Amino acid sequence: MSSPPNTPRPDRYDAEAIEARWQRVWADEGAFTCEVISRDGVVPVLPDRPKAYVLEMLPYPSGEIHMGHVKNYTMGDVVAHFRRRNGAAVFHPMGYDAFGLPAENAAIRTGEPPALVTSRNIARIRLQLQRLGFAIDWSTEISTADPEYYRWTQWIFLRMFEKGLAERRSAAVNWCPKDQTVLANEQVIDGHCERCGTQVELRQLTQWFLRITDYADALLDDMALLEDWPERVLSMQRNWIGRSQGARVAFRTEDGAHEVPVFTTRPDTLFGATFFLLAPEHPLLAELVAGRPEEAEVMDYARAAARASLADRGATDRPKTGVFTGRYVVNPVNDERIPVWVADYVLMDYGTGAVMAVPGHDERDFAFAAQFGLPVRRVVAGDDTDPATPLTEAEPGDGRLVNSGFLDGMDVADAKTAIAAWLSERGLGDATVGYRLRDWLISRQRYWGVPIPVVHCEACGPVAVPDDQLPVLLPEVDDYAPRGQSPLATNPEFLNASCPGCGGPARRETDTMDTFVDSSWYFLRYTAPHLSTAPFEREVADYWLPVDQYIGGIEHAVLHLLYARFFTKVLNDLGLVAMREPFARLFTQGMIYRDGAKMSKSKGNVVAPDEIVDRFGADTLRLYVLFMGPAADDIEWSDRGVVGARRFLDRLWTLVRTLPGDPGLVDRPAADGMDPAFLELLRKTESTIAKVTADVDERFSFHTAISAIQELTNAAGRAQADAPDLAPGSLRALRYAGQTAVSLLFPFAPHISSELWEALGGDRLWAAAWPDADPSLLVRDVVTVVLQVNGKLRDRAEVPAGSSQEELLAVARDSAKIAGAIEGKELLREIVVPDRLVNLVVR
RNA sequence: GCCGGAGUGGCGGAACGGCAGACGCAGCGGACUUAAACUCCGCGGCCCUCGGGCGUGUGGGUUCGACUCCCACCUCCGGCACCA
């Protein structure tokens, strides 16, 4: 499209200048500052319109944002802009998950304090985010490493401590030898440290735990409240919590001295138990073998198992190992005497650490029995199977009970009920539930985290630091290097304290908290970011929360997202907030790949957001990361694709800057008497409004929304090129189309949209009402009807919308192609779908 | 093994019971240019002679009609996994 000779050549699209200009305007006007926030302890007036708390997972300030951040925050920005222009009170804050190992490790390398590294990184990240033009309320920015913030992290910890939800106890825990700290179960992937990949070891240590297992059922049950969470995440959490219904059954040692309970999900197979297993760590083990000939071998085995790494012991393809203890227990259901073995496939921290082995119907027990020549007994058989048929492999499936006394003939489900009642009546067992979920180990033997606000008194034990002495400040230390205990332990001023209870000498806790604690409540702090008397203001928090739309990466499915749900439930039980779930709707974005791999520095395949902004502008980058493909999918980065996004913005720029007619926003033109080509453009404009609105609001389908705007822009460009002399109605339809494209594009590319909107004579596009489609223009007066024979497309016809069945059939019969296709055949049926198709079924 | 998700042009993808391949990238042809880039216009699943035939991982089914729904299978991705 060349410029007509007498019009001035339009100015070039200068992204850099435009973006700087509008970012300044928004900041000067406080365009995205949220009024409904507790500031200086003053509770704001709560507005009487819908609210939208739009939140993306806060970044770890590593010094550079990456493309994943750009995609994440652009999506949130689109939603926030969309809701604002649709009349909602919007809150869209940002903060930094600022404690953690990378800054600490950098500090160790360079000798700079982690606080300095972190604040420098935060300053840089803030600039990068601002350069992308995100509509963030920067006045509510928080950093989890700020004493003003972590004071309240400590405060919440103390509330949990008071409730018995935070406790110190000895347990076998995961230890990362490289990072020199313990890890939570969620932070161990296949036996390796989630952060550094080192194989973790098991160590028996006294550590702080949060009793998330107390909330296992609530975390499962309340998933019903999470209707808009991806099934994938719910399934992962369900899996992680791992609830299974079973029974606890009391076995006794044959001398009657000890009761050893087991947990089983198959109490129906109790008659099939032919041996009995203890975990190597089982507390009774040493006593059972004390002074017996088996003692040395058994205890050697137990010690070897304790030394084995989690990865080794957890390997399912390893042959079964175990040692006979020389002792027997009695099966309560038939008084049968069965041998007790120790085996390392039995886990101490699941169930009771003891297992009744039913080799006939459990694959692991069968493998163990085969290994050691132990008997296998069938107690479940199919309807056509003789109860005496020997088992050549474990049959864990359904069937009828056999060789099982009073259970014989029942199916598995009935037998479970019957045996549970039988055991319960005799006090020998109860229906119970097992969970895979473990308590959350939050101690870390590292420097750069929240100090656990407890002192250890010789007389009183662990004692909470009183609220009025919070925050327990992270002290300066000379050496941050991890040495198996927290660097805080080397600072005598920090270490020595007096007991808040008895005043006697005491020692401060030197472990710091897992940084996932910090991010488990930050969404509340935003609503009162500087409040000095409480972590948040209940009234304001209850107004904004739960978060209406939360957006982040799938990698937090069982980490942050589980922990934050747990914290919310605790705060709810403490009467501090009304919500039971923090995130009403969750969207998990896909990863951006390049050259078939996740972008990472070590692979050298990183595309730096800043470079793209330098070359093409922030609007191009924002548009491209959303246009790439479905927001939830993993997608390959394309350098050429970015160019395409920029080309589109250039095209829109040229279109709007060369629109004929006087400046000034136009209203929707009247359809009556309009030139057909421009009526078509008007219809296109209206259907684009409808599509973009639905795609953003209901489907989270940004790439299709953008493609619809592109179609509209292309259509307007063609209409302009094809018709140099325009009737007034046509002119208006053209301007209206361009203007609407700009308006719809705003959430995606706010700077260029604002600039063009201004050029069109508009003002403050970010506050302008989102356009509404005119329903009367969404229905067409002429439609294309598909003519089929036996479901195969044979012809098309243009007919007036709303034509009757008879009219449509007449049109079909008039078609030469249809006539040819049905010639000489018997007409069996005529299918007519109004305004869509006619299908003639012939034989 | 169990649970979840996905298979459509050269590529990212669209269509979610009714015209398969919108939009974009790459490609080809053309215009502009001394030339190149930019930009613009056009073509574009495969086979084939216009007419047509075949095409959404594979095989069945439901339906007038299936990328879409149902059953079975294959492949890939993700999660859990000696959890009794």
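Below, chains carry the letters A, B, ... as their sequence lines are ordered, and counting in each starts from 1. Values in this document were obtained by computation on a predicted structure and should not be read as measured data.
- Looking at the side chain of A/Arg232, the nearest of the listed nucleotides B/G12, B/A22, B/G4 is B/G4.
- Considering only heavy atoms from C-beta on, A/Val558 stays 4.5 Å or farther from A/Asn239 through its side chain.
- Between A/Arg647 and the phosphate of B/C25, there is a side-chain N or O to OP1/OP2 separation shorter than 4.0 Å.
- Looking only at side-chain heavy atoms (C-beta outward), A/Val785 and A/Val811 stay at 4.5 Å or farther from each other.
- When the side-chain nitrogen and oxygen atoms of A/Ser707 are compared with OP1 and OP2 of B/G13, none of them lie within a distance under 4.0 Å.
- One finds no side-chain N or O of A/Arg238 lying less than 4.0 angstrom from the OP1 or OP2 phosphate oxygen of B/C2.
- Taking the centre and axis of the six-membered ring of A/Tyr345, the NZ or CZ atom of A/Lys320 falls inside the cone set by 45° and 6.0 Å.
- An OP1 or OP2 oxygen of B/A84 is reached within less than 4.0 angstrom by a side-chain nitrogen or oxygen of A/Tyr350.
- Contact annotation: A/Arg699 side-chain N/O to B/A15 OP1/OP2 distance is under 4.0 Å.
- You'll find the ring centres of A/Phe275 and A/Trp341 outside the 6.0 Å limit.
- Nucleotide B/U63 has no partner under the Watson-Crick or G-U criteria, as no pair reaches both atom distances under 3.5 Å.
- With a 3.5 Å ceiling on both atom-pair distances, B/C32 lacks any Watson-Crick or G-U wobble partner.
- A/Arg318 has no side-chain polar atom (N or O) that falls below the 4.0 Å cut-off from OP1 or OP2 of B/A81.
- Taking the P atom of each, B/A81 and B/G12 are spaced 32 Å apart, rounded to whole Å.
- Comment: A/Arg12 does not engage A/Asp14 in a salt bridge, judged by the lack of any side-chain N to carboxylate O separation of less than 4.0 angstrom.
- The phosphate of B/A14 has OP1 or OP2 within less than 4.0 Å of a side-chain N or O from A/His703.
- Pair assignment for B/C76: B/G5, on the basis of Watson-Crick or G-U wobble contacts that are both within less than 3.5 Å.
- The side-chain heavy atoms of A/Val333 and A/Phe271, taken from C-beta on, include a pair separated by under 4.5 Å.
- Residue A/Arg436 is classed as a base contact, given a heavy-atom separation below 4.0 Å to a base.
- With B/G24, B/A22, B/C54 as the candidates, the nucleotide lying closest to the side chain of A/Lys792 is B/C54.
- Both A/Met236 and A/Val786 sit near RNA chain B, but only A/Val786 has its closest nucleotide nearer the 5' end.
- For A/Gln710, taking side-chain heavy atoms from C-beta onward, the closest of the listed nucleotides B/C54, B/A15, B/C23 is B/C23.
- If you check distances only, the side chain of A/Arg796 does reach the base of B/C19 with a donor-acceptor pair under 3.5 Å.
- The aromatic ring centroids of A/Phe700 and A/Phe702 lie less than 6.0 Å from each other.
- Under the Watson-Crick or G-U wobble criterion, with both distances below 3.5 Å, B/C16 has no partner in any strand shown.
- Taking only side-chain atoms of A/Val841, from C-beta outward, the nucleotide of B/C64, B/G12, B/C80 with the closest atom is B/C64.
- When distances run from any side-chain atom of A/Gln788 to the nucleotides B/G18, B/G13, B/G79, the shortest one goes to B/G18.
- Mapping A/Leu793 and A/Asn839 onto RNA chain B by nearest heavy atom places A/Leu793 at the nucleotide closer to the 5' end.
- Applying the Watson-Crick and G-U wobble criteria (two distances, each under 3.5 Å), B/C46 pairs with B/G53.
- Taking every side-chain heavy atom of A/Asp344 into account, B/C82 is the closest of B/C3, B/C82, B/A14.
- Which of B/C80, B/A84, B/G13 sits closest to the side chain of A/Val346 comes down to B/A84.
- For B/C19 and B/C67, the P atoms lie 10 Å apart once the distance is rounded to whole Å.
- Going from the P atom of B/G10 to that of B/G45 covers 10 Å, rounded to whole Å.
- Checking B/C80, B/G4, B/G12 against every side-chain atom of A/Ser235, the shortest atom distance belongs to B/G4.
- Glycosidic conformation, B/G4: anti, with the torsion outside 90° of 0.
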